Novice: 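So that we are looking at the same thing, I have put the structure below in structure tokens.
Along the sequence shown, residues carry numbers from 1. Computed from a predicted structure; not experimentally measured.
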Amino acid sequence: MSRIEAPRSESTEETSSLTDRLLAGLPAEAVLTDPDVTASYANDMASFCPAGAPAVVVLPRTVEQVQHVMRTATELRVPVVPQGARSGLSGAANATDGCVVLSLTKMDRILEISPVDRIAVVEPGVINATLSRAVEEHGLYYPPDPSSWEMCTIGGNIGTGSGGLCCVKYGVTAEYVLGLDVVLADGRLMSTGRRTAKGVAGYDLTRLFVGSEGSLGIVVRAVLALKPKPPQQLVLAAEFPSAAAACDAVCRIMEGGHVPSLLELMDRTTVKAVNDLAHMGLPETTEALLLAAFDTPDPAADLAAVGALCEAAGATQVVPAEDAAESEMLLKARRLSLTALEAVKGTTMIDDVCVPRSRLGAMLEGVERIAATYDLTIGVCAHAGDGNTHPTVCFDAQDADESRRARESFDEIMALGLELGGTITGEHGVGVLKKEWLAREIGPVGVEMQRAVKQAFDPLGILNPGKLF
């Protein structure tokens with residue numbers, strides 16, 4: 001057995017012993033053992049990712065309760081799978097047989113908002129949108145905004161290193177995590193980072209935990225950086241006769257020194273899917289729709305300049321939103337993209353390949369070729385401003401041949417991304433879905449060093465085993 005693969009506890013006797021030990025330090029309502037209930041915690045939203053049957057689900061409300069769970073798991077050598085809202089797309093939150101699922105959704109308090117220090121201190125179960133609205137009341141702004149922001153948790157965002165629509169200007173989750181309280185595999189509590197504006201004491205362990213998918217420790221508190229609330233953004237929609245022309249516009253915008261708060265692309269397939277689902281009246285004659293936004297003091301002037309660049313790149317129509325309501329309608333359409341594509345065939349595999357902006361056009365052209373080769377519908381929506389694409393393979397999960405082609409096309413897309421100098425994941429994480437591809441991207445020495453880090457933090461291999469590598 002590998003040192004980073006946890007043993008499994010599956011027998012009735014072992015489960016009973018585990019449950020009794022957990023109940024010694026937890027209220028009865030925090031420990032779920034009904035198989036019908038625990039089965040509902042088995043997996044996140046990713047396709048083609050195996051999931052096991054949890055022995056028990058625990059919903060702690062305090063740091064001390066999390067520590068008790070980890071001490072118990074260490075003593076009994078039982079694997080622990082931490083979970084947030086299970087909105088992830090890589091299988092990182094999938095259960096393993098006989099594990100303790102540690103759902104952190106009940107730890108959902110905003111502990112502090114400081115306008116002077118421009119920080120928020122939160123528990124891991126706080127919903128992203130809840131935090132965003134809370135800090136807005138203080139004239140502040142928490143930028144990371146995944147499309148699932150109304151349901152995903154801050155702990156899950158930290159675990160996967162998630163991004164969002166505004167990353168082109170404001171960056172990803174990792175850039176806003178200043179400090180963490182983490183319960184280690186053996187139950188000890190460790191604090192990392194700081195709550196100051198600057199600080200370089202020792203190794204940056206905070207960054208190490210961001211994106212670690214719960215494999216190094218359990219985040220129980222986070223200190224997050226905030227920004228002053230920007231002006232209301234305005235959005236521009238530009239239609240293009242080809243994806244290549246839209247990608248050319250993206251390159252012109254970035255080369256021109258513009259700093260949009262959002263620069264998103266939806267291909268023809270995605271636009272049609274959104275219209276079919278929500279009847280939003282998006283222009284289906286377009287081959288690619290580019291959305292650009294500015295939250296500057298004079299967004300209209302910025303949109304005019306970007307609109308001119310879009311026209312120079314071949315845009316057939318450029319329409320600036322007249323007000324915040326129109327802007328929000330366009331953003332709603334973009335946020336619906338993945339849900340709409342899922343409705344096309346009932347199941348999707350959502351890729352997360354990020355490439356240099358200069359190769360974005362080649363990426364979209366390659367995806368179109370792959371779709372034709374495998375005779376599949378593949379829609380693409382993208383955080384175009386930072387090169388992060390979401391080619392979404394639509395397929396019927398009941399059709400074995402189509403499912404096989406979907407999986408093969410998904411792998412082809414990741415291979416294309418690496419070939420273009422990109423990465424297999426810009427914001428969704430590795431989980432189960434991309435384990436093989438992580439090894440290809442970082443190489444054998446990289447895998448060896450990452451395994452060494454895992455060994456240092458989790459020598460028994462009980463934390464989220466089977467993920468990453």
Novice: Which residues satisfy the side-chain hydrogen bond (donor to acceptor under 3.5 Å, both in side chains) test with Y170, sequence neighbours excluded?
Specialist: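 Y170 satisfies side-chain hydrogen bond (donor to acceptor under 3.5 Å, both in side chains) with D295 only.
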Novice: If you compare all heavy atoms of P299 against all heavy atoms of L234, which two are closest, and at what distance to 0.1 Å?
Specialist: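 Of all heavy-atom pairs spanning P299 and L234, the closest is CG-CD1, 3.9 Å.
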Novice: Can Q233 and S327 be counted as having a side-chain donor-acceptor contact under 3.5 angstrom?
Specialist: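 No, S327 and Q233 have no side-chain donor paired with an acceptor closer than 3.5 Å.
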Novice: Nearest heavy-atom pair of I110 and A134: which atoms, and what distance?
Specialist: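 Taking I110 first and A134 second, the nearest heavy atoms are CD1-CB, 3.7 Å.
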Novice: Tell me, do M280 and L336 make a side-chain contact under 4.5 Å, heavy atoms counted?
Specialist: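 In short, these two side chains touch, coming nearer than 4.5 Å.
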Novice: Got more than 12 heavy atoms from elsewhere within 6.0 Å of NZ, K106?
Specialist: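 Counting other residues, nucleotides and ligands, NZ of K106 stays at 12 neighbours or fewer.
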Novice: With no hydrogens and no angle check, is any side-chain donor or acceptor of N128 less than 3.5 Å from a backbone partner on S148?
Specialist: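 Absent.
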Novice: Rounded to the nearest 0.5 Å, what separates atom CG in D248 from atom CG in L309?
Specialist: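 If we round to the nearest 0.5 Å, D248:CG and L309:CG are 9.5 Å apart.
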Novice: For R407, is the CZ atom crowded, meaning more than 12 foreign heavy atoms sit under 6.0 Å from it?
Specialist: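 Result for CZ/R407: enclosed.
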Novice: Looking at CD1 of I154 and OH of Y142, how far apart are the two atoms once the value is rounded to the nearest 0.5 Å?
Specialist: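 Reported value, rounded in 0.5 Å steps: 4.5 Å.
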Novice: Within the distance-only criterion (no hydrogens, no angle test), does the side chain of S261 pair as donor or acceptor with the backbone N or O of C166 below 3.5 angstrom?
Specialist: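 Here the side-chain-to-backbone pair does not exist.
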Novice: Is there a side-chain contact between I413 and M363 in this structure, where contact means two heavy atoms from C-beta onward sitting under 4.5 Å apart?
Specialist: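 Yes. Closest side-chain heavy atoms under 4.5 Å.
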Novice: I need the minimum non-hydrogen distance between T62 and M107, along with the two atoms involved.
Specialist: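 Nearest pair, atom of T62 first, then M107: C-CE, 3.9 Å.
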Novice: Work out which heavy atom in P465 is nearest to a heavy atom in T96; give both atom names and the distance.
Specialist: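 What the structure gives for the nearest pair is O-CG2, 3.8 Å.
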Novice: Run the side-chain hydrogen bond (donor to acceptor under 3.5 Å, both in side chains) test against S212 and tell me which residues pass, sequence neighbours left out.
Specialist: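 Testing S212 for side-chain hydrogen bond (donor to acceptor under 3.5 Å, both in side chains), a comparison that skips the adjacent residues, returns none.
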Novice: Are any of the side-chain heavy atoms of L289 and E239 separated by less than 4.5 Å?
Specialist: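 The answer is yes, as the side chains (C-beta and beyond) meet within the 4.5 Å cut-off.
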Novice: For the residue pair W437 / D411, report whether a side-chain donor-acceptor contact shorter than 3.5 Å exists.
Specialist: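 Yes, a side-chain donor-acceptor pair sits under 3.5 Å.
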Novice: Of all heavy-atom pairs between L303 and F294, which one has the smallest distance, and what is that distance?
Specialist: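 So the two residues come closest at CD2-CD1, 3.6 Å.
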Novice: Under 3.5 Å, is there a donor-acceptor pair between the side chain of T153 and the main chain of G156?
Specialist: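 Yes, because the side chain of T153 sits within donor-acceptor range (under 3.5 Å) of the backbone of G156.
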Novice: Hey, does F469 have a side-chain heavy atom less than 4.5 Å from the side chain of E448?
Specialist: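 When only atoms from C-beta onward are counted, F469 and E448 do not touch, as no gap falls below 4.5 Å.
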Novice: Quick one about T296 and D302 (side-chain donor to acceptor, distance below 3.5 Å, no hydrogens or angles considered), yes or no?
Specialist: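 Judged by distance alone, the side chains do pair up.
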Novice: More than 12 foreign heavy atoms under 6.0 Å from CE of M151: is that the case here?
Specialist: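 Yes, the 6.0 Å shell around CE holds more than 12 heavy atoms from other groups.
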Novice: Give the intermediate values and the outcome of side chain to side chain contact (heavy atoms under 4.5 Å, CB included) for residues H258 and K169.
Specialist: CA-CA 10 Å; H258 298 282; K169 179 174 183 178; over 6 Å; no
Novice: About how many Å separate CD1 of I370 and CG of L376, when rounded to the nearest 0.5 Å?
Specialist: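 Separation between the atoms: 10.5 Å.
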Novice: Is the closest basic N to carboxylate O distance between E402 and K345 below 4.0 Å?
Specialist: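 Counted as a salt bridge, because a side-chain N and a carboxylate O are separated by less than 4.0 Å.
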Novice: Can you tell me how far the CD1 atom of I378 sits from the OG atom of S409, to the nearest 0.5 Å?
Specialist: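 With rounding to 0.5 Å, CD1 (I378) is 4.5 Å from OG (S409).
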Novice: Taking it one step at a time, do K332 and E328 satisfy salt bridge (Lys or Arg N to Asp or Glu O under 4.0 Å)?
Specialist: CA-CA 6 Å; K332 181 181 178 182; E328 185 54 37; over 6 Å; no
Novice: For the pair K467 (side chain) and S215 (backbone), establish whether a donor and an acceptor sit closer than 3.5 Å, ignoring hydrogens and angles.
Specialist: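 A pair under 3.5 Å: no.
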Novice: Given side chain to side chain contact (heavy atoms under 4.5 Å, CB included), test D352 with H390 step by step and report yes or no.
Specialist: CA-CA 5 Å; D352 179 39; H390 295 311; 3.1 Å; yes
Novice: Can you list the steps and then say if V172 with V210 is a side chain to side chain contact (heavy atoms under 4.5 Å, CB included)?
Specialist: CA-CA 11 Å; V172 297; V210 178; over 6 Å; no
Novice: Would you please indicate if the ring centroids of F395 and F48 are separated by under 6.0 Å?
Specialist: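 They qualify: ring centres under 6.0 Å apart.
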Novice: Any carboxylate oxygen within less than 4.0 angstrom of a Lys/Arg side-chain nitrogen, looking at E137 and R133?
Specialist: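 No, no charged N to carboxylate O under 4.0 Å.
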Novice: Answer yes when R109 and E123 have at least one side-chain N-carboxylate O distance shorter than 4.0 Å, and no when they do not.
Specialist: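 Between E123 and R109 there is a salt bridge, with a charged N closer than 4.0 Å to a carboxylate O.
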Novice: Only pairs at least two apart or in different chains count here, so list each salt bridge (charged side-chain N to carboxylate O under 4.0 Å, His left out) that has a residue in residues 257-268.
Specialist: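 Found E264-R334, R268-E287.
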Novice: So, do Y141 and P143 sit near enough that their side-chain heavy atoms are less than 4.5 Å apart?
Specialist: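 SC-SC contact between Y141 and P143 confirmed.
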Novice: Going by side-chain hydrogen bond (donor to acceptor under 3.5 Å, both in side chains), name the residues that satisfy it together with T206, two or more places apart in sequence or in a different chain.
Specialist: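 With sequence neighbours excluded, T206 shows a side-chain hydrogen bond (donor to acceptor under 3.5 Å, both in side chains) to T192, given in chain and number order.
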Novice: If only atom types and distance count, is the side chain of R195 paired as donor or acceptor with the main-chain N or O of L178 below 3.5 Å?
Specialist: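 No, R195 side chain to L178 backbone: no donor-acceptor pair under 3.5 Å.
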Novice: For a 4.5 angstrom cut-off between non-hydrogen side-chain atoms, does D108 reach I127?
Specialist: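 No. Closest side-chain heavy atoms not under 4.5 Å.
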Novice: Should I218 and L463 count as side-chain neighbours, where that means a heavy-atom distance under 4.5 Å?
Specialist: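 Heavy-atom side-chain distance check passes, below 4.5 Å.
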Novice: Looking at R405 and Y374, would you say the former's side chain and the latter's main chain have a donor-acceptor pair under 3.5 Å?
Specialist: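 The answer is yes, because a donor-acceptor pair under 3.5 Å joins these two groups.
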Novice: At what distance, to the nearest 0.5 angstrom, does CG of L262 lie from CG of D145?
Specialist: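 Those atoms lie 8.0 Å apart.
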Novice: Checking E213 side chain against V430 main chain: does a donor-acceptor pair fall under 3.5 Å?
Specialist: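 Yes.
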Novice: Quick one, S337 with V274, criterion side chain to side chain contact (heavy atoms under 4.5 Å, CB included). Give me CA distance, side-chain angles, the key distance, then yes/no.
Specialist: CA-CA 6 Å; S337 293; V274 170; 4.2 Å; yes
Novice: Quick check: closest heavy atoms across A238 and A315, and the distance to 0.1 Å?
Specialist: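 Distance-wise, the nearest heavy atoms are CB-CB, 4.5 Å.
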Novice: Using 0.5 Å steps for rounding, measure from the CG atom of L341 to the NZ atom of K272.
Specialist: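 Nearest 0.5 Å value for the CG-NZ distance: 11.0 Å.
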Novice: What's the verdict on salt bridge (Lys or Arg N to Asp or Glu O under 4.0 Å) for E150 and R335, showing C-alpha distance, side-chain angles and the deciding distance?
Specialist: CA-CA 11 Å; E150 292 282 6; R335 289 186 186 278; over 6 Å; no
Novice: So, E342 side chain and T348 main chain: donor-acceptor pair closer than 3.5 Å or not?
Specialist: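 No, the answer is negative, given that no donor and acceptor are paired below the 3.5 Å cut-off.
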Novice: What I'd like to find out is whether the side chain of F457 reaches to under 4.5 Å of the side chain of F209, using heavy atoms alone.
Specialist: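 SC-SC contact between F457 and F209 confirmed.
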Novice: Does R357 use its side chain to pair, donor to acceptor, with the backbone of G385 at less than 3.5 Å?
Specialist: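 Between the backbone of G385 and the side chain of R357 there is a qualifying donor-acceptor contact (under 3.5 Å).
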Novice: Only pairs at least two apart or in different chains count here, so list each salt bridge (charged side-chain N to carboxylate O under 4.0 Å, His left out) that has a residue in residues 371-393.
Specialist: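 Output for this query is empty, none listed.
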Novice: Who passes salt bridge (charged side-chain N to carboxylate O under 4.0 Å, His left out) against E326, sequence neighbours left out?
Specialist: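 With sequence neighbours excluded, E326 shows a salt bridge (charged side-chain N to carboxylate O under 4.0 Å, His left out) to no residue whatsoever.
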Novice: Can you check whether A92's main-chain N or O pairs, donor with acceptor, with D44's side chain at less than 3.5 Å?
Specialist: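 Here the side-chain-to-backbone pair exists.
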